[in-house]
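Below is one structure, written out as structure tokens; the observations come after it.
Here the structure is a predicted model, which is why all the values come from computation and not from measurement. Atoms considered below: every heavy atom in the structure, side chains included; atoms not considered: hydrogens, waters and symmetry mates.
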Amino acid sequence: MDIVLKGIKPKYIEIYEEIEKLINDGTLKPNDKLPSKRDLAISLDCSINTIINSYNLLLDEGYIYSLEKKGFFVSNQITLDKKIEPVKTIIKKIHKPLYDFTCKNVDEFTNTNYKKIIRSIINSNDFLNKTPFLGDIDLRIQISNHLKINRKIDVSYESIIIASGIESLRSVLRILNIDNITLENPGYHKLAPIASNLGLKINYNELDSEGIIIPNYKTIIYSTPFNQFPTGIKMSISRKKDLSLFLDKTDSYLIEDDFDAEFRIKEKPTTSIYSINPNRVIFFSTFSTILYPGLRISYFILPPKIKEKYINHYKGYSSMVPTLDQLALKDFIKDGYFISHINKKKKQYLNKRLLIIDLLKKYNIKYYDVNY
């Protein structure tokens, strides 16, 4: 039995792995006798205790068996081909662009108040325990208050569910019992592969000047009505009311993504579809685009019947968002830093927007100005 020790691991581990390899590749056959502990110790220049530890590991795994006064033998088992072809990895150097206009990244997040809150929570050890499945109650209360003041949505914290990104809507799609979803075209299509993996048929509906064109079949509509992505069309109130009637008539549901609503230029928010029909609309929003993408905290509001079904279906599940992140965000909103951050970013984004418009005008480039 050819065993070579390389000295990069404890000896008993190396011996165990070498014998394991010989058994798996078929070099050692079933019922082959292994060297005695003393003989193997002498040949490998190690202690008998080292061999005992190696053989005990092999016994525990079932690779070998022992017979009293006879020694150790290879167990009867199939052999495995553990040869792994090396994968050639080509490392491409990523060049960071001078200006990044994608919606997935932020230039920086330098809010010192948020960092102070994080440190305070870590020092207090308040983050060590899990939060309830629906999310931290105090955070949900803060979101409820924020929605009432800033989005004119009067909803109890009990209806708000803390989640992790748009991917969390997968859990909602599973319980709606509708076999298709309708997306805006063009639009934000992140839900397409999520819905497809659940077996839902994907439909795409065109837009007009008032928003998504209403379909004529029972479906789940996903829409960004406040500031449609990527066209910037703001859904009209008449289209919202027509959609509400359609949802009731066809027993359909609508997922209202409040994309970019926090960064409106005009202070007065537009009416949410959820406010018009809370029994048929699932309101969704995320903090990842407001603060920073690495903060995977979003939330959704479910219609009462769907919420009851959601709780029953996922009873016993744990919250998808770390306690530390939830507690930090709760304090960030409660202490007024969240609104201050939004106002600061709005000024920055407005200045960038004006700069881009000036440059487009300077070079006589046509553009479509969405003033929201």
Side-chain angles (χ1 to χ4, degrees), residues 102-106 109 111 114-115 117-118 121-122 126-144 146-147 151 153 155 157-176 181 183 188-198 200 220 222-224 229 253 255-262 274 281-303 306-307 309-334 338 341-342:
T102 66
C103 60
K104 297 178 181 179
N105 299 301
V106 294
F109 182 72
N111 195 294
Y114 187 84
K115 295 173 182 178
I117 290 172
I118 289 284
I121 295 171
I122 291 175
D126 290 342
F127 68 98
L128 296 178
N129 296 317
K130 292 195 299 184
T131 53
F133 167 56
L134 299 182
D136 180 76
I137 292 176
D138 290 332
L139 172 58
R140 292 156 65 199
I141 290 173
Q142 291 302 321
I143 292 174
S144 173
H146 176 77
L147 287 172
R151 291 294 284 116
I153 297 175
V155 60
Y157 78 90
E158 295 177 324
S159 298
I160 296 171
I161 298 173
I162 305 300
S164 179
I166 196 170
E167 292 84 359
S168 60
L169 288 175
R170 182 179 190 276
S171 60
V172 178
L173 295 175
R174 292 187 66 175
I175 62 172
L176 292 181
I181 186 169
L183 307 178
Y188 186 62
H189 296 161
K190 184 71 176 286
L191 265 185
I194 297 171
S196 179
N197 287 337
L198 292 173
L200 273 63
I220 305 165
Y222 172 77
S223 177
T224 51
F229 180 89
Y253 287 95
I255 298 173
E256 178 181 17
D257 190 332
D258 209 35
F259 172 74
D260 225 13
E262 300 291 354
Y274 174 83
V281 177
I282 297 150
F283 184 88
F284 174 83
S285 189
T286 178
F287 292 97
S288 300
T289 55
I290 303 171
L291 297 179
Y292 57 93
L295 180 69
R296 304 303 298 157
I297 299 185
S298 61
Y299 64 92
F300 48 80
I301 308 171
L302 296 179
I306 299 302
K307 184 198 170 188
K309 189 175 181 181
Y310 182 91
I311 291 174
N312 290 333
H313 190 85
Y314 297 107
K315 190 181 298 181
Y317 279 46
S318 298
S319 175
M320 296 176 283
V321 181
T323 302
L324 176 61
D325 290 342
Q326 294 194 49
L327 295 180
L329 181 58
K330 177 258 296 182
D331 287 343
F332 195 65
I333 299 173
K334 177 173 67 69
F338 182 60
H341 169 78
I342 289 173

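- In this structure, Thr224 contributes its side chain and Phe229 its backbone to a donor-acceptor pair below 3.5 Å.
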Residue pair Ile255, Leu173: steps toward the side chain to side chain contact (heavy atoms under 4.5 Å, CB included) verdict:
CA-CA 10 Å; Ile255 298 173; Leu173 295 175; 4.0 Å; yes
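- Note on ring orientation: taking the six-membered ring where Trp is involved, the planes of Tyr188 and Tyr222 are tilted (angle from 30° to 60°).
- Within the 4.5 Å cutoff, no side-chain heavy atoms of Tyr253 are placed close to those of Leu302.
- Between Ala192 and Leu183 the shortest heavy-atom distance is CB-CD1, 3.8 Å.
- Although no hydrogens or angles enter the test, the distance criterion places no donor-acceptor pair under 3.5 Å between the side chain of Arg170 and the main chain of Ile194.
- Here the straight-line distance linking atom CD1 of Ile153 with atom CG of Asp258 works out to 6.0 Å at 0.5 Å rounding.
- The OG atom of Ser159 sits 13.0 Å away from atom CD1 of Ile306, with the distance rounded to the nearest 0.5 Å.
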Gln326 vs Ser319, side chain to side chain contact (heavy atoms under 4.5 Å, CB included): CA-CA, chis, key distance, verdict
CA-CA 10 Å; Gln326 294 194 49; Ser319 175; 3.1 Å; yes
Side chain to side chain contact (heavy atoms under 4.5 Å, CB included) assessment of Val321 paired with Tyr299
CA-CA 11 Å; Val321 181; Tyr299 64 92; over 6 Å; no
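- Using a cut-off of 4.0 Å between Lys/Arg side-chain N and Asp/Glu carboxylate O, Lys330 and Asp136 are scored as not salt-bridged.
- Ser164 contributes no side-chain N or O that, together with a main-chain N or O of Ile297, makes up a donor-acceptor pair within less than 3.5 Å.
- The structure places CG of Leu169 at 10.0 Å from CD1 of Ile220, a figure rounded to the nearest 0.5 Å.
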Yes or no on salt bridge (charged side-chain N to carboxylate O under 4.0 Å, His left out) for Arg296 and Glu167, after CA distance, side-chain angles and deciding distance?
CA-CA 10 Å; Arg296 304 303 298 157; Glu167 292 84 359; 3.2 Å; yes
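- The shortest heavy-atom contact between Lys130 and Ser318 is NZ-OG, 3.1 Å.
- Using a 4.5 Å heavy-atom threshold, the side chains of Phe284 and Phe259 count as separate.
- Side chain of Thr323 to backbone of Asn129: a donor-acceptor contact under 3.5 angstrom is found.
- Rounding to the nearest 0.5 angstrom, the gap separating the CD1 atom in Ile282 from the NZ atom in Lys307 is 14.0 Å.
- With rounding to the nearest 0.5 angstrom, the NE2 atom of His146 is 5.0 Å from the CD1 atom of Ile342.
- A donor-acceptor contact shorter than 3.5 Å is absent between the side chain of Ser223 and the backbone of Glu256.
- Taking 4.5 Å as the limit, every side-chain heavy atom of Ile166 sits out of range of all side-chain heavy atoms of Thr286.
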Test side chain to side chain contact (heavy atoms under 4.5 Å, CB included) on His341 and Tyr114 and set out the steps.
CA-CA 10 Å; His341 169 78; Tyr114 187 84; over 6 Å; no
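- The one candidate from Leu327, Thr131, Leu329 that meets the side chain to side chain contact (heavy atoms under 4.5 Å, CB included) condition with Leu139 is Leu329.
- Distance alone, capped at 3.5 Å, is enough to place a donor-acceptor pair between the Lys309 side chain and the Ile175 backbone.
- Inter-residue side-chain proximity for Leu291 and Phe338 is flagged as met; some heavy-atom pair is nearer than 4.5 Å.
- You'll find the side chain of Phe283 reaches within 4.5 Å of the side chain of Leu147, heavy atoms only.
- Side-chain contact between Ile161 and Val172 is absent, with no heavy-atom pair separated by less than 4.5 Å.
- Separating the CD1 atom in Ile333 from the CG atom in Asp138 is a distance of 11.5 Å, to the nearest 0.5 Å.
- Between the side chain of Tyr314 and the main chain of Ser171, a donor-acceptor pair closer than 3.5 Å is present.
- The side-chain heavy atoms of Pro303 and Val281, taken from C-beta on, include no pair separated by under 4.5 Å.
- The shortest heavy-atom contact between Ala163 and Ser168 is CB-OG, 3.1 Å.
- The shortest heavy-atom contact between Ala195 and Ile181 is CB-CG2, 3.8 Å.
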Give the C-alpha distance, both sets of side-chain angles, the deciding distance and a yes or no for ring pair (Phe, Tyr, Trp, His ring centres under 6.0 Å) between Phe133 and Tyr310.
CA-CA 11 Å; Phe133 167 56; Tyr310 182 91; 5.7 Å; yes
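- Annotation: side chain of Phe287 is not in contact with side chain of Asp325 (no heavy-atom distance under 4.5 Å).
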